[in-house]
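Chain letters run A, B, ... following the sequence lines, proteins first, then strands; residues in each count from 1. Atoms considered below: every heavy atom in the structure, side chains included; atoms not considered: hydrogens, waters and symmetry mates. Remember, it's a predicted structure, so these values are computed and weren't measured experimentally.
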Protein chains: 2
Amino acid sequence: MKRNSKLSIALHVLGHMAVKPEEPFTSEQMAAFAATNPVVIRRTLGQLRGAGLVTSERGKLGGWKLSKAPDAISIADVYRALDERLYVGNKGGDENPPQCAIEIGLAGAINQGLERAENAFQHSIESTTLEDLAAALRQ
Amino acid sequence: MKRNSKLSIALHVLGHMAVKPEEPFTSEQMAAFAATNPVVIRRTLGQLRGAGLVTSERGKLGGWKLSKAPDAISIADVYRALDERLYVGNKGGDENPPQCAIEIGLAGAINQGLERAENAFQHSIESTTLEDLAAALRQ
DNA sequence: TCATATTGTAACTATGATAGTTACATGAAA
DNA sequence: TTTCATGTAACTATCATAGTTACAATATGA
């Protein structure tokens, strides 16, 4: 089992979809692309559907399609749709709020750093699109 | 159990040490500061000793001390000494090297983004020192 | 030299996040 | 009405990491 593989699974299968944007792909086909399980594909693409990046149809002739042109979907769009963060801080719920003044000051410095890191990351991956990934496959 | 707590544990106890830089602290005392176990402290500070940030002495009167002035140790120094990264990519060992052209192109784009994020993070936390953390406690 | 207090570290357990899997209901098409 | 697809709940497997126990090594001082 790989950790943090949701993004790479998603981008991998979306790259394949981008090669033939009109053709619906089943979750079984895509599971083969990414060497994983169809249910994992459905769960992951389900999140992307919620963000308007893909559509799905049930029944015979069903499957998944991109809902925009491949060059209109960036890696950053997918990253944000999956709601991932570079660094998951110590429990969002925070049932143990920091008491000590050190922890409080520390959280400020760290969080500012993380925010800048997050911005730098998203900015960097904003310029690569699914079309770029598909192009790599066509060669 | 908190994830990614090594850095926050380390900085928390180092902040306390920075208030009294000449006094040796035992791992038991520091475990109390950070609400954790003495062995966890020894393991964590052991890494920092390897990086020359702290020293330790065994036996009676033993314990841990900073090996530099508190304002000469930045949060970034500690972060680097612990060898943490914002994002641990899919297994450094890589017994499953990427075959598909999509994965290869993808890795390039993602890794460039991660490198930029990492740089932004370290740069941001470079300016906060243990002295700043200690100051928060003195007020 | 012995009692005591401390670090150093190996080995194990516990926890939690996440992927993988099974099973089945829902829905669409021929 | 058969077939094939998604949707999703519920469970299992895996792995990273923190926590814990146990004990050897070492330093101090009576």
S.K.: Please state how far atom CZ in B/Arg42 lies from atom P in D/dT21, giving the value in whole angstrom units.
M.R.: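 Rounded to the whole Å, the gap is 13 Å.
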
S.K.: Whole Å only: how far is the CG atom of A/Asp83 from the C1' atom of C/dA17?
M.R.: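 A/Asp83 atom CG is separated from C/dA17 atom C1' by 15 Å.
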
S.K.: Whole angstroms only, please: what is the CZ-P distance between A/Phe25 and D/dA5?
M.R.: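 One finds 14 Å between P of D/dA5 and CZ of A/Phe25, rounded.
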
S.K.: What is the distance, to the nearest angstrom, from the CD atom on A/Glu28 to the P atom on C/dG20?
M.R.: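 About 15 Å, once rounded to whole Å.
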
S.K.: Applying a 4.0 Å non-hydrogen cut-off, can you work out what B/Gly63 is touching in the nucleic acid: base, sugar-phosphate, or nothing?
M.R.: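 Sugar-phosphate, backbone atoms only, no base.
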
S.K.: What is the distance from CD1 of B/Ile41 to C1' of D/dA18, rounded to the nearest Å?
M.R.: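 Rounding to the nearest Å, CD1 of B/Ile41 and C1' of D/dA18 are 12 Å apart.
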
S.K.: Do side-chain atoms of B/Ser74 reach the backbone of B/Thr128 as a donor and acceptor pair under 3.5 angstrom?
M.R.: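 Not at all, since once roles are kept as given, no pair shorter than 3.5 Å links the two residues.
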
S.K.: State whether the side chain of B/Asp77 and the backbone N or O of B/Ile73 hold a donor-acceptor pair below 3.5 Å, judged by distance alone.
M.R.: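 Not at all, since once roles are kept as given, no pair shorter than 3.5 Å links the two residues.
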
S.K.: Looking at CG of A/Leu7 and CG of A/Leu14, how far apart are the two atoms once the value is rounded to the nearest 0.5 Å?
M.R.: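 Between A/Leu7 CG and A/Leu14 CG, I get 9.5 Å after rounding to 0.5 Å.
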
S.K.: Taking the side chain of B/Arg49 as its heavy atoms from C-beta onward, which of D/dA18, C/dT22, C/dT9 lies nearest to it?
M.R.: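 Side chain of B/Arg49 sits closest to C/dT9.
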
S.K.: C/dT6 phosphate, OP1 or OP2: any side-chain N/O from B/Ser27 under 4.0 angstrom?
M.R.: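 Checking B/Ser27 against C/dT6: no side-chain N or O falls below 4.0 Å of OP1 or OP2.
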
S.K.: Is a salt bridge present between B/Arg85 and B/Glu115, judged by a nitrogen-to-oxygen distance below 4.0 Å?
M.R.: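 Salt bridge absent between B/Arg85 and B/Glu115.
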
S.K.: For the pair made of CD in A/Gln29 and P in D/dT6, what is the distance, rounded to whole Å?
M.R.: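 Nearest whole value for this atom pair: 9 Å.
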
S.K.: Which nucleotide in the set D/dA22, D/dT6, C/dT22 lies at the smallest distance from any side-chain heavy atom of A/Val39?
M.R.: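 Given the options D/dA22, D/dT6, C/dT22, the side chain of A/Val39 is closest to C/dT22.
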
S.K.: Which whole-number value in Å describes the distance from A/Leu7 CG to C/dT18 P?
M.R.: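 From A/Leu7 CG to C/dT18 P: 14 Å.
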
S.K.: Strictly below 4.0 Å: does B/Thr26 bring a side-chain N or O up to OP1 or OP2 of C/dT6?
M.R.: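 The answer is no; no side-chain N or O of B/Thr26 sits under 4.0 Å from OP1 or OP2.
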
S.K.: Mapping A/Arg58 and A/Arg43 onto DNA chain D by nearest heavy atom, which one lands closer to the 5' end?
M.R.: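 First, find each residue's nearest nucleotide; the 5'-ward one identifies A/Arg58.
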
S.K.: A/Ser56 side chain: which of D/dA22, D/dT6, D/dG19 is closest?
M.R.: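 When the side chain of A/Ser56 is considered, D/dT6 is the closest of D/dA22, D/dT6, D/dG19.
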
S.K.: Toward the 5' end of DNA chain C, which comes first, A/Leu61 or A/Ala35, by nearest nucleotide?
M.R.: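 That would be A/Ala35.
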
S.K.: As a test of reading the structure: which of C/dT7, C/dA23, D/dC4 is closest to the side chain of B/Trp64, going by heavy atoms?
M.R.: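 Of the candidates, C/dT7 comes closest.
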
S.K.: Rounded to the nearest angstrom, tell me the gap between atom NZ in A/Lys65 and atom P in D/dT6.
M.R.: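 Between P of D/dT6 and NZ of A/Lys65: 13 Å.
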
S.K.: Please determine whether a side-chain nitrogen of the Lys or Arg among B/Arg42 and B/Glu28 lies less than 4.0 Å from a carboxylate oxygen of the Asp or Glu.
M.R.: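 Judged by the 4.0 Å cut-off on N to carboxylate O distance, B/Arg42 and B/Glu28 do not form a salt bridge.
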
